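Letters A, B, ... mirror the listed sequences (proteins, then strands); counts begin at 1. Since we're looking at a predicted model, the values are computed, not measured.
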Amino acid sequence: MYNFKEIEKKWRNYWEENDTFHTDIWDFSKPKYYVLDMFPYPSGVGLHAGHPEGYTATDIISRMKRMQGYNVLHPMGYDSFGLPAEQYAVNTGNHPNGFTQKNIETFGTQLRSLGFDYDWSKTLQTSDPKYYKWTQWIFKRLYEDGYAKYVDMPVNWCEELGTVLSNDEIVDGKSERGGFPVVRKNMKQWVIDQAAFAERLLEGLEEIDWPESTKEMQRNWIGKSVGAHITFKIKDSDREFKVFTTRCDTLFGVTYCVMSPEHELVDLITTDDKKEEVVAYKEMCATKSELERTELNKDKTGVFIGAYAINPVNGKEIPIFISDYVLASYGTGAIMAVPAHDERDYEFAKKFNIPIIQVLEETTGKVYENEKTKKSIVAIVYDRENDKYLTINWKENGGRLFIGGTRHDNESAIDCAIREIEEATGYVDLKFVCEAFKINHHYYAYNKDTYFNIEATPLLFEIRSNERKKQNLDYDENFVVEWVSKECIENEIKDELHIKSLDYVLNPRAMENDSTHINSDFLNGLNKEDAINKMISWLEDNHVGSKQINYKMREWIFARQRYWGEPMPVVYTEDGQIHMLDDDELPLELPELEDYKGHNGKAPLENAIEWKKYNNRGISGIRETSTMPGSAGSSWYFLRYIDPQNDNEFANKELLKHWLPVDLYIGGPEHAVGHLIYSRIWNNYLYDKGLSPVREPFKKLVHQGMILGANGIKMGKRYPEYAVDPMDIVNNYGADTLRLYEMFMGPLEASKPWNQQGVEGAQKFLDRVYRLFVSGKIKDEKNDNLEKIYHQTVKKVSEDYEALAFNTAISQMMVFINNVYKEDVFPKEYAESFVKLLNPVAPHLGEELWEILGHKNTIAFESWPTYDESKIIDFEKEIAVQVNGKVRTTIMISADDSEDVIKERALAAENVIRHIEGKEIVKIIIIKDKIVNIVVK
RNA sequence: GCGAAUGUGGUGGAACGGCAUACACAACAGAUUUAAAAUCUGUCGGCGAAAGUCUUGCGGGUUCAAAUCCCGCCAUUCGCACCA
């Protein structure tokens, strides 16, 4: 076994002493490559098994690009504000920075021991005042430009943690950390108006090379929806309110309105007799946690508040309810309810017995010219006792159907159905169950030779007894009445109208499809899109509404009642004004405290009595004591790496212009909507101000998959016995083995279980390589046996690295080594190239082997090997011969064989003859260099 | 409930629509060894004595040819979750 301990230590020292990986940031003579890792939070436990995965991937790319002649920037730093350090300070009374620095030291040692090629002269910490000076500086600009605001708004308050939480810090109504209850509460808050960037964020997604699933998640998070605002007047009042809807075309189907319980108008318009009920309901909602609200979402609740709204399009009076299924924080906090065509409104209307008006009608069948119109029914009769349905079987004259029939003038659908059931089948003891939405059906009636356009009402009855009268049939009604099972119906009823009718009566629900408008005056006959456009014009013409775009994305709450974060550069003056510190007063540093715990929901900085007082340059007041959230510092760190020591600006503009965007960014998928949206927002803002040269900061993004325990379950608290400490692997097997193993486990993006024997396998391979290099087989000679596999290997490894397909690159290197083992001579030229290919994955061994080959300098800047495509192509090749798509034999062909020759040889093969004997050859397909397929009959 | 991803030997996984199971792990056998470890060589999807034949979650479809493309299910994972 090669002495990995000694070798790895030797080369780590070499790199450090020679400053090998220092990036000259001002060297613009080579093309640049900026490769970035998501920087870690320096927790007390050090690196976990997942860290080396993403970090090795970027390291491989970084090292390859450097060898390919790029000036590479590959930095590392620490997201060093955070809760564990805060908890430590609260518990021990010590400043969290000591704890943080100790952890950073551990991380630094561990990262160095893995052999990553970071330029440590460019490291940064978000908790360093030299860094957060600029976080404060950017925040100040956001305020000046109106994106950061101080507003009164409902927030997620966690009593236990004593702080406000953002939506992504809450899981199932409880705090992500600790699982404490979270309630909604109104507070004055610092927020950043994210929605102002929504449109640009959506557009930007089109131009970046990111995983489609992450882009989709961001789109959902932004949650754009295009619709309209509609103003409803309140009856007997001069008040009015707006609703937001995406289906303004269904305005004629509105039968009630709902306001969220928190809506400002509720108290003003509730009638006296409803006050008590409304107050009780509002109280119930206020004490309900988010968790309870979502758990109860199957069962709609609400109360009528006594007031009526006027539908602007037809003047109808409609009742106003409050219900917590309408959210205060989305849209206008009030909706128009169309129970016929919205699932939630349908449920609510059913529960509260509110009328339902159908304004959309589905169409079935084919439309013909010269159709006759009529109204009709489809009656479905169910026998509960025997679980059978009543059908009539027309046999070859139309198949199996339910009972259908035409409505007489002024006859209701129910009456018609009862009459038709009796006439056709004789059954009379029926119980009406329900009626579904009308369906517009087009068909051809054979017996009448006529095309029909009918409006059919589906109805469901249950039969109470077998009481039966005589059927009353026309001369041409020649069918059999049959009770059949559901299964029989599914197999035998083919008529679209009847299938739909059954579905709708058995599963009554709102009909939300895009279909034709009815009962809608000037919208009748239009489809969804046309109707929406026409309605918006009507609303605008009549000044009762307009087109409106809404986003689910809320304001980003930008303050935490914690100590260990960036202080806000904000002072509230005695006359109630907000004053931002001057730029030369930044950074505003955190003071030392006696007590790091907040009391009674107040921020810990409230304990800093002297620090809080501000009196400078003629302004006096009190400082803001909340600090910025953890995501503040991480939203722009990729800009600072480029110029981390700069005290005059957050980074030199010329440098930013040269180095941005980040060419490759690798990190976990858990940041898909948090950090990766916030970063895009900050960069977008800076771009607009001319402070960042690119709109999108991360050109290509890849998420590494999770490394699971050997049991296939997430490592961590639940199964500590399956947790893997990467440092154990480094000590027992070597850093190169760990790197190789994690890259060989499987595709970078996939989640994969740990396998200790796999680690040993990785080590075995490295040792096998090492033994080959000290075996004496390497000679300054040629070996033609290795020529082809050598060129193939250079090609595949180069391409696979580029595509981040490290597992297949490694397998190719293994194939190459297996081939070399069978030979007596390993040409030095090939050996040198092989070391260059292996080096990015196993850099310590790479340097050592390079030295064994007689080189004095580091391999880091040696040029990347090239390959000769012509050496890869075979002159002679074995291809498969198929008969009817099944491989029967293989034949040898030469590059200059004509198709006729190949055909002849294929047909002459013994096994082929056996399979085509006595059959007619339909055709022969020859795909050059690939396959021959003989089709026979 | 909605959205996205994934599903291939005992295991991790390979495979531009063109010979499914590369590479590795495990297992088995042999060589070496006093013995073991290490190393080297070989076997290794199922059924079958063999010729064969079946096989990429399940069911259809497109194609000369499907793990790969299309449709419908099922399972797992991850997001979102009354967003009007």
Side-chain angles (χ1 to χ4, degrees), chain A residues 1 167 172 211-221 223-225 227 243-248 250 258 260 293-294 296-298 300 323-327 329-338 341-345 347-348 550-554 669-670 672-673 703 705-706 708 710 712 714 741 744-747 749-762 764-765 767-768 771 805 807-818 821-822 878-890 911 914 922-936:
Chain A
M1 182 61 55
N167 284 331
D172 289 338
E212 201 42 55
S213 58
T214 302
K215 289 193 195 180
E216 198 53 34
M217 246 194 251
Q218 295 211 345
R219 285 188 198 105
N220 291 339
W221 186 259
K224 177 178 179 169
S225 69
V243 301
F244 174 72
T245 176
T246 53
R247 292 301 300 267
C248 64
T250 60
V258 190
S260 71
R293 277 203 189 193
T294 44
L296 293 172
N297 92 39
K298 281 168 211 126
K300 298 264 180 298
S323 169
D324 65 356
Y325 88 88
V326 172
L327 307 176
S329 50
Y330 181 77
T332 61
I335 62 153
M336 62 179 220
V338 185
H341 307 295
D342 180 281
E343 200 50 56
R344 296 149 301 176
D345 298 346
E347 268 175 53
F348 191 86
N550 257 349
Y551 303 95
K552 277 193 224 173
M553 191 185 220
R554 313 280 162 79
E670 66 273 19
V673 286
H703 297 301
M706 204 182 321
L708 307 168
K714 215 160 133 178
Y741 171 65
F744 186 57
M745 285 173 93
E749 290 96 329
S751 293
K752 316 150 270 238
W754 186 267
N755 177 0
Q756 194 62 25
Q757 279 159 333
V759 178
E760 286 161 24
K764 242 158 66 177
F765 172 68
D767 194 49
R768 200 165 139 86
R771 275 184 278 116
N807 55 333
T808 49
I810 290 165
S811 95
Q812 181 65 34
M813 290 192 278
M814 288 172 168
V815 171
F816 179 69
I817 291 301
N818 289 344
Y821 257 81
K822 294 188 180 120
E878 189 185 49
I879 64 165
V881 181
Q882 299 180 328
V883 178
N884 283 349
K886 289 205 163 75
V887 177
R888 295 303 177 188
T889 192
T890 57
N911 210 26
R914 224 150 50 81
V922 181
K923 64 173 147 175
I924 299 177
I925 290 141
I926 298 172
I927 309 294
K928 201 99 211 257
D929 294 340
K930 292 228 166 107
I931 207 156
V932 178
N933 192 6
I934 301 162
V935 186
V936 296

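Taking the side chain to side chain donor-acceptor pair (under 3.5 Å) definition, one finds that A:Asn807 meets it with nothing, sequence neighbours left out. Applying the side chain to side chain contact (heavy atoms under 4.5 Å, CB included) rule to A:Asn933 yields the partners A:Gln882, A:Ile925; only residues at least two apart in sequence or on another chain are considered. Legend: residues meeting side chain to side chain contact (heavy atoms under 4.5 Å, CB included) with A:Ser225, ordered by chain and number and at least two apart, are A:Phe244, A:Thr246, A:Tyr330, A:Asn550. In this structure A:Thr214 satisfies the side chain to side chain donor-acceptor pair (under 3.5 Å) test together with A:His703, sequence neighbours excluded. Taking A:Glu749 as the reference, nothing meets the side chain to side chain donor-acceptor pair (under 3.5 Å) condition, with sequence neighbours excluded. With sequence neighbours excluded, the residues forming a ring-ring contact (aromatic ring centres under 6.0 Å, His included) with A:Phe348 are A:Tyr256, A:Phe321, A:Tyr325, A:Phe352, listed by chain and number. Taking A:Asn884 as the reference, nothing meets the side chain to side chain donor-acceptor pair (under 3.5 Å) condition, with sequence neighbours excluded.
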Strictly under 3.5 Å: I want the nitrogen or oxygen pairs between protein and nucleotides 61-65 of chain B, one per line.
residue : atom : partner  : partner atom : Å
B:rC64  : O2'  : A:Asn933 : ND2          : 3.1
B:rC64  : O2   : A:Asn933 : ND2          : 2.7

Measure all distances between protein nitrogen or oxygen atoms and nitrogen or oxygen atoms of nucleotides 4-12 of chain B, and list the pairs falling under 3.5 Å.
residue : atom : partner  : partner atom : Å
B:rG12  : O2'  : A:Met745 : O            : 2.6

Pairs under 3.5 angstrom, nitrogen or oxygen only, protein versus nucleotides 49-52 of chain B, please.
residue : atom : partner  : partner atom : Å
B:rG52  : OP1  : A:Arg914 : NH2          : 3.2

So which protein N/O to nucleotides 44-47 of chain B N/O distances come out below 3.5 Å?
none

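Evaluation of atom-type donor-acceptor distances gives no pair under 3.5 Å for the side chain of A:Lys552 against the base of B:rC80.
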Pair assignment for RNA chain B - dot-bracket with | for other-strand partners, Watson-Crick or G-U under 3.5 Å: (((((((..(((.....[....))).(((((.......))))).(((....)))..(((((..]....))))))))))))....
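Side-chain nitrogen and oxygen atoms of A:Tyr325 include none within less than 4.0 Å of the OP1 or OP2 phosphate oxygen of B:rA84.
At the heavy-atom level, A:Glu760 lies nowhere under 4.0 Å from the strands shown. Across all strands shown, A:Asn818 has heavy atoms under 4.0 Å from sugar-phosphate atoms exclusively, and none from any base. Heavy atoms of A:Pro747 sit under 4.0 angstrom from primed sugar atoms or phosphate atoms, though from no base atom.
Only the P atoms considered, B:rU21 is 16 Å distant from B:rG57, to the nearest whole Å.
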